[in-house]
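What follows is a single structure, written as structure tokens, with notes after it.
Throughout, residue positions are numbered sequentially from 1 according to the sequence presented.
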Amino acid sequence: MGNPHVDFHALAPEIVLTAAILVVLVADLIWPERSRWTSSRLASIGVLAALVPVVTLAVDGQDRVLFGGAFVVDKYALAFQGFFLVVAYVSLLMSADYIGEGDYYQGEYYFLLLTSVLGMVVMASSRDLVSIFVALETITIPTFVLAGWRKHDEGSNEAAIKYFLIGVLSTAIMLYGMSLIFGETSSTLLSGIAEYIRHHDTTSMFAVAIFLTLAGFAFKVSAVPFHFWTPDTYQGAPTPVTAFLSVASKAGGFVAMLSIIAFGFFPSQDSWQPALWILAAASMIYGNLVALRQTNIVRMLAYSSIAQGGFILVPLAVAGDGQAALSSFEAVIIYILIYGAMNLGAFAVVIAVARRTRSAEIESYSGLGQTSPGLAITMTIFLLSLAGIPPLAGWFAKFVMFRAVFDAHTASSVVLGVIAAVMSVVAFFYYAAVVRKMWFHDPAPEAVVEGQRAIPAALTVAIGLTTLVVIVVGIYPQFFARVGELAFQT
């Protein structure tokens, strides 16, 4: 027997990223004084290097199936791999000075962050329950530690413990659901599960198994009522970690949910659609209404993240109706890409403002237009984009979401669309409240004193990149629209 064939080109992004993780770990041992820039630079180079094979695979255009169908490299996988690596690079830019100036172990921080990103890259190609589970836990376990990175801060410790305990519970529920699915279908491959559903009547036990599996994923995406960890964890964790959790980790959960529905559960619409409908509606309503009452910008963005997760779930919740499948799956991809730019940018500005005011209270944003007009302009762009105001990218995210609802054309989809429309209006009020404080209120005296502190170059680049994406995609949305189309092109 010959050696089994391994397509190293298909695995190149994972191989390069793994090599970068090992280099960061070894470098931290070689330089005991933990040079301020060594680990962050090595991590950034590794992430950018991993993007190279993603580009070459995309140019090649050939779908590659490995490990008996459990790992697939296609346009869908490459779109998300590229997204995760770009988000990781921006997160590293946001982290460089924040971690370098604080009482943090830098080598371990970048090691854990890159390990989580490796799980995301694997998740994009996973087409098997086992590989999805392993990838999801590779994403999540490092973030348990990162959430409590401020080890001398009681709030950070509390955030990590809550995140860990609820995370372990959700994993147990998800694994139980997956075990029932395997017992029913005798397959862990998503293609095998879909084939079983097409040729057999689904039992009530199978519907329960799907619900339990989706409940586990709902924790990962902070969907109500599995959101309890989100506000405290976002507020207690270091802000770059919060940004990473709100975008990359959440997107990893959505990719898992999208993959398992699109490639596995889709033929059994009655088993998963009602659950997703409830999750989407509850997340939009609860997230937006509670965000209205927040006085801390990080907690407001945490509840905003819950609400945005509900908006992303809307297309999935109507994907099984009418002819909405393709437009729904495309809408989820496009929304995730745009949401990543908007939310990362907003948290980058939060970090920059906190460097000057030493506060994350919304009141500290009063008069920011006078003390730091550049930050005020960019924060206004991100908040209005999150609200879906044209010509910023957020409007296109909302557009593709509502397009999927119209394509479904059922009573339940119309009701969900109405809820989404009303909650979009509600969201505008708390986003606009921050904008109003920045431009129409006088600055606090301490904000003026701190206002002369310079913004680090890496953080400036992060803000600039995300601002550019939000503006360009808002004016020319066809770029992200094309990515969504290609992802599900057969």
Side-chain angles (χ1 to χ4, degrees), residues 243 246-247 280 283-285 287-294 297 300-315 331-350 352-353 362 365-366 368-369 372-406 416-441 463-481 484:
S246 72
V247 175
S283 299
M284 288 188 294
I285 294 171
N288 282 308
L289 292 181
V290 178
L292 283 170
R293 299 183 58 83
Q294 300 307 307
I297 191 74
M300 189 205 80
L301 288 174
Y303 285 106
S304 161
S305 176
I306 294 171
Q308 293 289 340
F311 289 128
I312 298 173
L313 283 172
V314 168
V332 173
I333 294 176
I334 293 168
Y335 206 121
I336 289 173
L337 297 179
I338 293 174
Y339 168 77
M342 297 186 297
N343 227 47
L344 274 180
F347 274 108
V349 176
V350 168
V353 173
I362 294 177
Y365 284 72
S366 297
L368 189 65
S372 302
L375 290 177
I377 291 171
T378 52
M379 191 59 161
T380 301
I381 289 171
F382 295 130
L383 292 176
L384 294 183
S385 183
L386 284 165
I389 305 300
L392 304 171
W395 81 265
F396 189 64
K398 293 290 194 300
F399 171 79
V400 293
M401 176 192 70
F402 286 115
R403 183 185 65 182
V405 171
F406 289 133
L416 192 60
V418 170
I419 294 174
V422 173
M423 289 300 108
S424 295
V425 175
V426 172
F428 175 76
F429 281 94
Y430 60 82
Y431 291 131
V434 180
V435 174
R436 186 174 65 250
K437 278 192 177 295
M438 290 191 296
W439 293 106
F440 298 107
H441 287 213
I463 295 172
L465 286 175
T466 48
T467 303
L468 183 65
V469 171
V470 168
I471 294 174
V472 170
V473 173
I475 297 172
Y476 185 71
Q478 188 56 34
F479 174 68
F480 276 7

Separation of I334 CD1 from I312 CD1 (nearest 0.5 Å): 12.0 Å

A280 backbone acceptor or donor facing S283 side chain under 3.5 Å: no

Validation row: L313, M284 side chains within 4.5 angstrom (heavy atoms): no

Shortest non-hydrogen contact from F480 toward I338: CD2-CG1, 3.4 Å

Spacing of OG1 belonging to T467 relative to CD1 belonging to I377, to within rounding of 0.5 Å: 10.0 Å

Separation between CD1 of I362 and NZ of K437, rounded to the nearest 0.5 Å: 8.0 Å

Side chain S305, main chain L301, donor-acceptor under 3.5 Å: no

Side chain to side chain contact (heavy atoms under 4.5 Å, CB included) partners for F479, two or more places apart: Y476

Inter-residue atom distance T466.OG1 - I471.CD1, 0.5 Å rounding: 9.5 Å

Taking distance alone, no hydrogens or angles, what donor-acceptor pairs closer than 3.5 Å link side-chain atoms of residues 421-433 to residues at least two apart or in another chain?
unit_1	atom_1	unit_2	atom_2	d
S424	OG	A420	O	2.7
Y430	OH	N288	OD1	2.6
Y431	OH	S304	OG	2.4
Y431	OH	Q308	NE2	3.3

Trace of the side-chain contact (heavy atoms from CB on, under 4.5 Å) decision for V353 with M438: CA-CA 11 Å; V353 173; M438 290 191 296; over 6 Å; no

Contact check, side chains of I419 and V314, non-hydrogen atoms, under 4.5 Å: no

Smallest separation among heavy atoms of A291 and Y303, with atom names: CB-CB, 3.8 Å

Worked verdict on V434 versus I297 for side-chain contact (heavy atoms from CB on, under 4.5 Å): CA-CA 9 Å; V434 180; I297 191 74; 4.1 Å; yes

Nearest-0.5 Å distance that lies between atom OG in S246 and atom CE in M342: 11.0 Å

Which pairs would a plain distance check flag for residues 383-402, meaning a side-chain donor or acceptor within less than 3.5 Å of a matching protein atom at least two apart in sequence or in another chain?
unit_1	atom_1	unit_2	atom_2	d
S385	OG	G394	N	2.9
W395	NE1	G474	O	2.9
K398	NZ	Y335	OH	3.1
K398	NZ	L386	O	3.4

